[in-house]
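Everything quoted here is computed from the prediction, not taken from an experiment. Reckoned from all heavy atoms, side chains included, excluding hydrogens, waters and symmetry mates. Below, chains carry the letters A, B, ... as their sequence lines are ordered, and counting in each starts from 1.
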There are 2 protein chains.
Amino acid sequence: MLSKKTKYALHALTYLGKHREEKTVLIHDIAEEHGISHKFLENILLELKKAGMLGSKKGKGGGYYLIKDPKEIPLSKVIRLLDGPIALLPCVSLNYYEPCSECKDEATCGINKVMIQVRDETLKILENKTLEDILKT
Amino acid sequence: MLSKKTKYALHALTYLGKHREEKTVLIHDIAEEHGISHKFLENILLELKKAGMLGSKKGKGGGYYLIKDPKEIPLSKVIRLLDGPIALLPCVSLNYYEPCSECKDEATCGINKVMIQVRDETLKILENKTLEDILKT
DNA sequence: ATAAAGTCTATAAAAAAGATAGGGTTTATA
DNA sequence: TATAAACCCTATCTTTTTTATAGACTTTAT
């Protein structure tokens, strides 16, 4: 399951996507709309900004705005950023690889082999579903 | 990512699958093979047994054994048992449904709609990969 | 100047995961 | 029939992760 961080990020991105004609959107408005903590959301938006999905304007009259086309924001990117690996095991993660301690030999481990296949197929899904898909429904 | 519980369960099932000619296998042997806690594994094997994947024999000379054909044990079943939902959000879980508090109206929520699609496609993968796939590699 | 709004870092609280403990029950076998 | 081996069951403790909060700082419009 996705963490609340990722879930909130998706809601925030959706909100920003729906308000693209406005110059900026306040954290406060997004938080209120979904009944989530302003301060918690603040950290999340900051991460999305650092990852290049959002822009911001400081000071009075400031706020956040999308700086990417929604179809350029795949779910895989949001999930990886806030939740970490998409792979089911560390030993098959492309972005967060770590060996599995209980596995004697990765090269001959059947679990490893199958999880690589699962990862590749899962990635196909999550790289193809984008913010645009969320916005257009 | 899978929890250690699920990971250990997969290792145990694999071990049992590889020792099907033997009548029973000791918890101890599985735990030692993978360097994991005997007592922790004990609880996991018990759950797998209650779920109908394993049989056991008590008393001296006892142990565990597979009571299903490996191709009848899909990853989805193991994951759901030890880790819970496969869906990315509670509001789209088939087996563990719960509404999302930050979502005003599920019926019109784009995130919900997309996550249903992701769930269905993920399920196709995890229902089709079975213990047999792990054993045969 | 002032107030509004994002930036940043640290810490606290809550929940979940991982691990351990120990007594109970069953069964083969000497 | 006593004993040791092995699974059964439940409770509790520890650690890690997640979620949430706090507060000081910086920037900017008016």
Side-chain angles (χ1 to χ4, degrees), chain A residues 1-9 11-12 16 22-32 34-51 53-67 79 81-85 88-90 96 98 100-102, chain B residues 1-9 11-12 16 22-32 34-51 53-67 79 81-85 88-90 96 98 100-102:
Chain A
M1 301 268 276
L2 298 179
S3 67
K4 290 199 173 182
K5 252 185 168 172
T6 300
K7 226 201 300 191
Y8 294 169
H11 279 291
L16 288 163
E22 293 156 45
K23 265 200 214 77
T24 64
V25 169
L26 298 183
I27 297 175
H28 178 264
D29 290 349
I30 303 173
E32 194 163 69
H34 296 286
I36 60 189
S37 151
H38 173 112
K39 282 303 233 175
F40 194 40
L41 185 59
E42 196 174 282
N43 292 323
I44 295 166
L45 292 179
L46 216 38
E47 285 199 70
L48 291 171
K49 185 194 167 183
K50 285 177 183 165
M53 296 180 221
L54 304 183
S56 68
K57 191 167 178 304
K58 285 186 187 175
K60 192 170 180 181
Y64 282 98
Y65 49 92
L66 263 189
I67 54 173
I79 295 174
L81 180 68
L82 283 321
D83 265 8
L88 294 181
L89 295 179
Y96 301 84
E98 271 183 60
C100 287
S101 65
E102 69 284 355
Chain B
M1 300 270 275
L2 298 178
S3 68
K4 290 199 174 181
K5 254 186 166 169
T6 300
K7 228 200 299 190
Y8 294 168
H11 279 290
L16 287 162
E22 292 156 45
K23 263 201 214 78
T24 63
V25 168
L26 298 183
I27 298 175
H28 179 263
D29 291 350
I30 303 173
E32 194 164 69
H34 296 287
I36 60 188
S37 152
H38 174 111
K39 283 303 234 174
F40 195 38
L41 185 58
E42 196 173 283
N43 291 324
I44 294 166
L45 292 180
L46 217 36
E47 285 198 71
L48 291 171
K49 185 195 166 181
K50 284 177 185 167
M53 296 180 221
L54 304 183
S56 68
K57 191 167 179 303
K58 284 185 187 176
K60 193 170 180 180
Y64 282 98
Y65 49 92
L66 264 189
I67 54 174
I79 294 174
L81 181 68
L82 283 319
D83 265 8
L88 293 181
L89 296 178
Y96 301 84
E98 271 184 60
C100 288
S101 65
E102 70 284 355

Answer yes or no: does a side-chain N or O of [X] lie under 4.0 Å from OP1 or OP2 of [N]?
{"X": "B:K57", "N": "C:dA28", "result": "yes"}
{"X": "A:S37", "N": "D:dT21", "result": "yes"}
{"X": "A:Y65", "N": "C:dA5", "result": "no"}
{"X": "A:S56", "N": "C:dT7", "result": "yes"}
{"X": "B:Y8", "N": "C:dA19", "result": "yes"}
{"X": "B:K49", "N": "D:dC8", "result": "yes"}

Next on the checklist: For A:G59 and A:F40, find the nucleotide of DNA chain D closest to each by heavy atoms; which residue's nucleotide sits nearer the 5' end?
Outcome noted: A:F40

Consider the side chain of [X], meaning its heavy atoms from C-beta on, and name the nucleotide among [options] that approaches it most closely.
{"X": "A:E42", "options": "C:dG22, C:dT29, D:dG23", "answer": "D:dG23"}
{"X": "A:K60", "options": "D:dT28, C:dT26, C:dC8", "answer": "D:dT28"}
{"X": "A:K4", "options": "C:dA19, D:dT19, D:dT10", "answer": "D:dT19"}

Any base atoms under 4.0 Å from [X], or only sugar-phosphate, or nothing? Heavy atoms, all strands.
{"X": "A:L26", "value": "sugar-phosphate"}
{"X": "B:I27", "value": "sugar-phosphate"}
{"X": "A:K7", "value": "nothing"}

Whole-Å gap separating [atom2] ([N]) and [atom1] ([X]):
{"X": "A:L41", "N": "C:dT7", "atom1": "CG", "atom2": "P", "value": "12 Å"}
{"X": "B:I44", "N": "C:dT20", "atom1": "CD1", "atom2": "C1'", "value": "13 Å"}
{"X": "A:L82", "N": "D:dT19", "atom1": "CG", "atom2": "P", "value": "10 Å"}
{"X": "A:M1", "N": "D:dT18", "atom1": "CE", "atom2": "C1'", "value": "14 Å"}
{"X": "B:E47", "N": "D:dC9", "atom1": "CD", "atom2": "C1'", "value": "12 Å"}
{"X": "A:H28", "N": "C:dT7", "atom1": "NE2", "atom2": "C1'", "value": "19 Å"}
{"X": "A:E102", "N": "C:dG18", "atom1": "CD", "atom2": "P", "value": "11 Å"}
{"X": "B:H38", "N": "D:dC9", "atom1": "NE2", "atom2": "P", "value": "15 Å"}

Next on the checklist: For a side-chain contact (heavy atoms from CB on, under 4.5 Å) check, start with the C-alpha distance between A:L81 and A:M53, then their side-chain angles and the critical distance, and finish with the verdict.
Outcome noted: CA-CA 11 Å; A:L81 180 68; A:M53 296 180 221; 4.0 Å; yes

Checklist entry - Does a side-chain N-to-carboxylate-O contact under 4.0 Å join A:K50 and A:E47? => result no

Next on the checklist: If you assign A:G63 and B:G61 each to the DNA chain C nucleotide with the nearest heavy atom, which residue ends up on the more 5' nucleotide?
Outcome noted: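 Residue closer to the 5' terminus by nearest nucleotide: A:G63.
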
Checklist outcome for this item: For A:I67 and A:G55 the tightest heavy-atom approach is CG2-N, 3.5 Å

Next on the checklist: Does A:L88 form a side-chain contact (heavy atoms from CB on, under 4.5 Å) with B:T6? I'd like the steps, not just the answer.
Outcome noted: CA-CA 10 Å; A:L88 294 181; B:T6 300; over 6 Å; no

Item to check | Side-chain touch A:Y8/A:L2, heavy atoms, less than 4.5 angstrom | outcome: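 No, too far: nothing below the 4.5 Å cut-off.
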
Next on the checklist: Under a 3.5 Å cutoff, is there a donor and acceptor pairing between the side chains of B:K57 and B:T24?
Outcome noted: no

Checklist entry - Is any side-chain N or O of B:K39 under 3.5 Å from a base N or O of C:dG22, one able to act as donor and the other as acceptor? => result yes

